[in-house]
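Below, read A as the first sequence line, B as the second, and so on, with proteins coming before strands; counting in each chain starts at 1. Values in this document were obtained by computation on a predicted structure and should not be read as measured data.
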Amino acid sequence: DAGVIQSPRHEVTEMGQEVTLRCKPISGHNSLFWYRQTMMRGLELLIYFNNNVPIDDSGMPEDRFSAKMPNASFSTLKIQPSEPRDSAVYFCASSLTGREAFFGQGTRLTVV
Amino acid sequence: EDQVTQSPEALRLQEGESSSLNCSYTVSGLRGLFWYRQDPGKGPEFLFTLYSAGEEKEKERLKATLTKKESFLHITAPKPEDSATYLCAPGTTDSWGKFQFGAGTQVVVTP
(Lines give C-alpha, C1' and ligand atoms only; values in the text may rest on other atoms or scores of the structure.)
Protein backbone atom coordinates (compact mmCIF):
# COMPACT_ATOMS: atom_id res chain seq x y z
CA ASP A 1 0.00 0.00 0.00
CA ALA A 2 1.23 3.51 -0.75
CA GLY A 3 0.29 4.76 2.69
CA VAL A 4 -1.85 7.77 3.48
CA ILE A 5 -1.80 10.17 0.56
CA GLN A 6 -2.38 13.88 1.00
CA SER A 7 -2.66 16.59 -1.59
CA PRO A 8 -1.47 19.15 -2.23
CA ARG A 9 1.89 19.01 -0.40
CA HIS A 10 2.14 22.77 -0.35
CA GLU A 11 -0.54 25.42 -0.70
CA VAL A 12 -0.13 29.16 -0.73
CA THR A 13 -3.31 31.18 -0.82
CA GLU A 14 -4.54 34.66 -0.15
CA MET A 15 -6.57 35.58 2.88
CA GLY A 16 -10.26 35.11 2.24
CA GLN A 17 -9.86 32.35 -0.31
CA GLU A 18 -11.27 28.86 0.08
CA VAL A 19 -8.77 26.08 0.67
CA THR A 20 -9.46 22.36 0.25
CA LEU A 21 -7.07 19.72 1.52
CA ARG A 22 -7.45 16.14 0.38
CA CYS A 23 -6.67 12.78 1.93
CA LYS A 24 -6.74 9.19 0.74
CA PRO A 25 -6.47 6.81 3.71
CA ILE A 26 -4.91 3.38 3.68
CA SER A 27 -7.25 0.84 2.14
CA GLY A 28 -9.14 -1.12 4.78
CA HIS A 29 -8.67 1.41 7.54
CA ASN A 30 -11.91 2.56 9.13
CA SER A 31 -10.73 5.51 11.21
CA LEU A 32 -9.51 8.81 9.81
CA PHE A 33 -8.04 11.82 11.56
CA TRP A 34 -7.22 15.39 10.60
CA TYR A 35 -4.53 17.19 12.59
CA ARG A 36 -3.00 20.65 12.52
CA GLN A 37 0.59 21.23 13.63
CA THR A 38 2.18 24.54 14.56
CA MET A 39 5.19 25.45 16.64
CA MET A 40 3.01 27.16 19.21
CA ARG A 41 0.28 24.55 19.65
CA GLY A 42 1.93 21.31 18.63
CA LEU A 43 -0.09 18.53 16.99
CA GLU A 44 -3.80 19.21 17.48
CA LEU A 45 -6.56 16.76 16.62
CA LEU A 46 -9.19 18.58 14.58
CA ILE A 47 -11.67 15.84 13.74
CA TYR A 48 -11.99 12.07 13.93
CA PHE A 49 -14.09 9.90 11.61
CA ASN A 50 -15.03 6.29 12.19
CA ASN A 51 -16.64 4.33 9.35
CA ASN A 52 -17.01 7.61 7.43
CA VAL A 53 -19.01 9.22 10.24
CA PRO A 54 -17.62 12.22 12.16
CA ILE A 55 -17.29 11.06 15.76
CA ASP A 56 -15.58 14.01 17.39
CA ASP A 57 -15.14 17.44 15.82
CA SER A 58 -14.48 19.29 19.06
CA GLY A 59 -11.03 20.26 17.83
CA MET A 60 -12.30 22.13 14.78
CA PRO A 61 -11.35 25.70 15.63
CA GLU A 62 -14.18 27.61 13.98
CA ASP A 63 -17.11 27.33 11.64
CA ARG A 64 -14.73 28.29 8.86
CA PHE A 65 -13.40 24.74 9.05
CA SER A 66 -15.37 21.79 7.73
CA ALA A 67 -14.48 18.19 6.97
CA LYS A 68 -16.21 15.49 4.97
CA MET A 69 -15.69 11.83 4.30
CA PRO A 70 -18.03 10.87 1.47
CA ASN A 71 -16.62 7.33 1.24
CA ALA A 72 -14.03 5.08 2.82
CA SER A 73 -11.27 6.16 0.45
CA PHE A 74 -11.48 9.94 0.50
CA SER A 75 -11.74 12.85 2.88
CA THR A 76 -11.50 16.63 2.59
CA LEU A 77 -10.77 19.43 5.01
CA LYS A 78 -12.02 22.80 3.85
CA ILE A 79 -11.27 26.26 5.19
CA GLN A 80 -13.52 29.05 4.01
CA PRO A 81 -12.57 31.86 4.26
CA SER A 82 -8.92 31.29 5.07
CA GLU A 83 -6.98 33.57 7.42
CA PRO A 84 -3.23 34.02 8.01
CA ARG A 85 -3.53 32.32 11.41
CA ASP A 86 -4.61 29.13 9.64
CA SER A 87 -1.08 28.77 8.32
CA ALA A 88 0.19 25.41 9.56
CA VAL A 89 0.99 21.88 8.47
CA TYR A 90 -2.14 19.77 8.20
CA PHE A 91 -1.84 16.01 8.59
CA CYS A 92 -4.26 13.27 7.75
CA ALA A 93 -3.92 9.87 9.43
CA SER A 94 -5.79 6.59 9.26
CA SER A 95 -6.03 3.44 11.34
CA LEU A 96 -7.98 0.36 12.10
CA THR A 97 -9.97 1.50 15.12
CA GLY A 98 -7.85 1.21 18.22
CA ARG A 99 -4.69 0.30 16.36
CA GLU A 100 -1.76 2.53 15.55
CA ALA A 101 -2.42 5.42 13.19
CA PHE A 102 -0.42 6.03 10.03
CA PHE A 103 0.20 9.57 8.94
CA GLY A 104 0.47 11.19 5.55
CA GLN A 105 3.27 13.54 4.60
CA GLY A 106 1.20 16.58 5.40
CA THR A 107 0.08 19.71 3.58
CA ARG A 108 1.96 22.90 4.39
CA LEU A 109 -0.57 25.72 4.16
CA THR A 110 0.49 29.34 3.98
CA VAL A 111 -2.19 32.03 3.98
CA VAL A 112 -0.87 35.46 3.02
CA GLU B 1 -9.66 17.04 32.44
CA ASP B 2 -7.26 14.61 30.78
CA GLN B 3 -3.73 15.94 30.46
CA VAL B 4 -0.57 14.68 28.82
CA THR B 5 2.81 16.18 29.71
CA GLN B 6 6.08 15.30 28.04
CA SER B 7 9.45 16.18 29.50
CA PRO B 8 11.92 17.50 28.86
CA GLU B 9 10.80 19.74 26.01
CA ALA B 10 14.19 19.39 24.38
CA LEU B 11 17.20 17.15 24.90
CA ARG B 12 20.65 17.45 23.42
CA LEU B 13 22.81 14.33 23.66
CA GLN B 14 26.27 13.33 22.60
CA GLU B 15 26.39 10.20 20.48
CA GLY B 16 26.47 7.23 22.87
CA GLU B 17 25.03 9.21 25.80
CA SER B 18 21.95 7.32 27.02
CA SER B 19 18.92 9.16 28.38
CA SER B 20 15.18 8.88 29.03
CA LEU B 21 12.12 10.81 27.97
CA ASN B 22 9.01 11.03 30.08
CA CYS B 23 5.31 11.03 29.22
CA SER B 24 3.06 11.58 32.22
CA TYR B 25 -0.70 11.67 32.09
CA THR B 26 -3.72 12.29 34.25
CA VAL B 27 -6.34 10.28 32.44
CA SER B 28 -9.12 8.02 33.58
CA GLY B 29 -9.35 4.53 32.25
CA LEU B 30 -5.99 4.22 30.50
CA ARG B 31 -6.28 1.52 27.90
CA GLY B 32 -3.01 1.93 26.05
CA LEU B 33 -0.27 4.36 25.20
CA PHE B 34 1.33 5.05 21.82
CA TRP B 35 4.79 6.38 21.07
CA TYR B 36 5.69 8.04 17.78
CA ARG B 37 8.74 9.76 16.33
CA GLN B 38 8.57 12.68 13.94
CA ASP B 39 11.35 13.83 11.65
CA PRO B 40 11.36 17.42 10.36
CA GLY B 41 9.04 17.88 7.42
CA LYS B 42 7.42 14.47 7.83
CA GLY B 43 4.39 12.97 9.49
CA PRO B 44 4.72 11.11 12.80
CA GLU B 45 5.85 7.52 12.53
CA PHE B 46 4.57 4.80 14.85
CA LEU B 47 7.02 3.22 17.30
CA PHE B 48 5.23 1.32 20.07
CA THR B 49 1.94 0.56 21.76
CA LEU B 50 1.96 -0.34 25.46
CA TYR B 51 -1.16 -1.74 27.07
CA SER B 52 -0.48 -2.50 30.71
CA ALA B 53 1.66 -1.32 33.61
CA GLY B 54 4.97 -3.13 33.65
CA GLU B 55 4.99 -3.76 29.92
CA GLU B 56 8.18 -3.02 27.99
CA LYS B 57 8.87 -2.92 24.26
CA GLU B 58 12.14 -2.47 22.42
CA LYS B 59 13.19 -1.42 18.95
CA GLU B 60 16.86 -1.01 18.18
CA ARG B 61 18.17 1.58 20.67
CA LEU B 62 14.72 2.50 21.99
CA LYS B 63 12.88 0.91 24.90
CA ALA B 64 9.47 2.02 26.09
CA THR B 65 8.07 1.24 29.53
CA LEU B 66 4.71 1.91 31.14
CA THR B 67 3.48 2.53 34.68
CA LYS B 68 0.04 3.56 35.86
CA LYS B 69 0.90 7.26 35.69
CA GLU B 70 3.67 7.61 33.15
CA SER B 71 5.67 6.10 30.36
CA PHE B 72 9.37 6.35 29.64
CA LEU B 73 11.20 6.12 26.37
CA HIS B 74 14.79 5.12 27.00
CA ILE B 75 17.37 5.82 24.31
CA THR B 76 20.47 3.67 24.76
CA ALA B 77 23.73 4.73 23.12
CA PRO B 78 21.95 7.05 20.69
CA LYS B 79 23.19 7.82 17.21
CA PRO B 80 22.63 11.00 15.19
CA GLU B 81 19.85 9.25 13.26
CA ASP B 82 17.86 9.05 16.49
CA SER B 83 17.45 12.82 16.34
CA ALA B 84 13.72 13.51 16.08
CA THR B 85 10.73 14.70 18.07
CA TYR B 86 9.20 11.94 20.13
CA LEU B 87 5.46 12.09 20.80
CA CYS B 88 3.23 10.09 23.11
CA ALA B 89 -0.54 9.62 23.00
CA PRO B 90 -2.43 7.87 25.81
CA GLY B 91 -5.68 6.21 24.88
CA THR B 92 -8.52 5.83 27.35
CA THR B 93 -11.62 3.69 27.39
CA ASP B 94 -13.70 6.72 26.47
CA SER B 95 -11.33 7.97 23.80
CA TRP B 96 -10.01 4.68 22.48
CA GLY B 97 -9.11 5.00 18.82
CA LYS B 98 -8.73 8.77 19.05
CA PHE B 99 -5.09 9.93 19.17
CA GLN B 100 -4.38 13.09 21.15
CA PHE B 101 -0.67 13.75 21.45
CA GLY B 102 1.53 15.41 24.01
CA ALA B 103 3.70 18.36 22.99
CA GLY B 104 6.67 16.10 22.33
CA THR B 105 10.35 15.99 23.25
CA GLN B 106 12.80 17.21 20.63
CA VAL B 107 15.96 15.10 20.74
CA VAL B 108 19.18 16.14 19.04
CA VAL B 109 22.09 13.69 19.01
CA THR B 110 25.44 15.14 18.01
CA PRO B 111 28.41 13.10 16.76
*Residue pair Trp35(B) / Glu100(A), side-chain heavy-atom distance below 4.5 Å*: no
*Tell me, yes or no, whether the heavy-atom count around Asn71(A) atom CG, taken from other residues, nucleotides or ligands under 6.0 Å, exceeds 12.*
yes
*In the single-linkage hydrophobic clustering (I, L, V, M, F, W, Y; side-chain heavy atoms under 4.5 Å), do Phe49(A) and Phe74(A) co-cluster?*
no
_Applying a strict under-4.5 Å side-chain criterion to I, L, V, M, F, W and Y, I'd like to know whether Phe72(B) and Tyr51(B) cluster together._
no
*Mark yes when over 12 heavy atoms from residues, nucleotides or ligands other than Arg64(A) sit less than 6.0 Å from its CZ; otherwise mark no.*
yes
*asked:* Within the 4.5 Å heavy-atom criterion, are Phe103(A) and Phe46(B) side-chain neighbours or not?
replied: no
*Do the side chains of Val53(A) and Leu45(A) join up, straight or via other hydrophobic residues, at under 4.5 Å, putting them in one cluster?*
yes
*Examine whether an atom of Glu45(B) lies under 4.5 Å from a heavy atom of chain A, and if so say whether it belongs to the side chain, the backbone or both; otherwise answer neither.*
neither
*What option among Arg41(A), Gln37(A), Glu44(A) has the most heavy-atom pairs under 4.5 Å with chain B?*
Gln37(A)
*Do you know the tightest heavy-atom contact between Phe91(A) and Lys42(B)?*
CZ-O, 3.6 Å
*Hey, what do you get for CD (Gln100(B)) to CG (Leu43(A)), rounding to the nearest 0.5 Å?*
10.0 Å
*Would one find more than 12 heavy atoms of other residues, nucleotides or ligands at under 6.0 Å from atom CD of Glu14(A)?*
no
*asked:* I'd like to know if Leu32(A) and Phe101(B) are part of one continuous hydrophobic network [Ile/Leu/Val/Met/Phe/Trp/Tyr, side-chain heavy atoms within less than 4.5 Å].
replied: no
*chain A contacts, top residue of Gly43(B), Pro44(B), Gly41(B) (heavy-atom pairs, under 4.5 Å)*: Pro44(B)
*Can you say whether Tyr36(B) sits under 4.5 Å from chain A via the side chain, the backbone, both, or neither, judging by heavy atoms?*
side chain
*Highest number of heavy-atom pairs under 4.5 Å with chain B: which of Gly98(A), Gly59(A), Ser95(A)?*
Gly98(A)
*Check whether Asp56(A) gets within reach of chain B through its side chain, its backbone, both or neither, counting any heavy atom under 4.5 Å.*
side chain
_Same cluster or not: Val19(A) versus Met69(A), using hydrophobic residues (I, L, V, M, F, W, Y) connected whenever any side-chain heavy atoms lie under 4.5 Å apart?_
yes
_I need the residue from Ala101(A), Cys92(A), Gly42(A) with the largest number of non-hydrogen atom pairs under 4.5 Å to chain B._
Ala101(A)
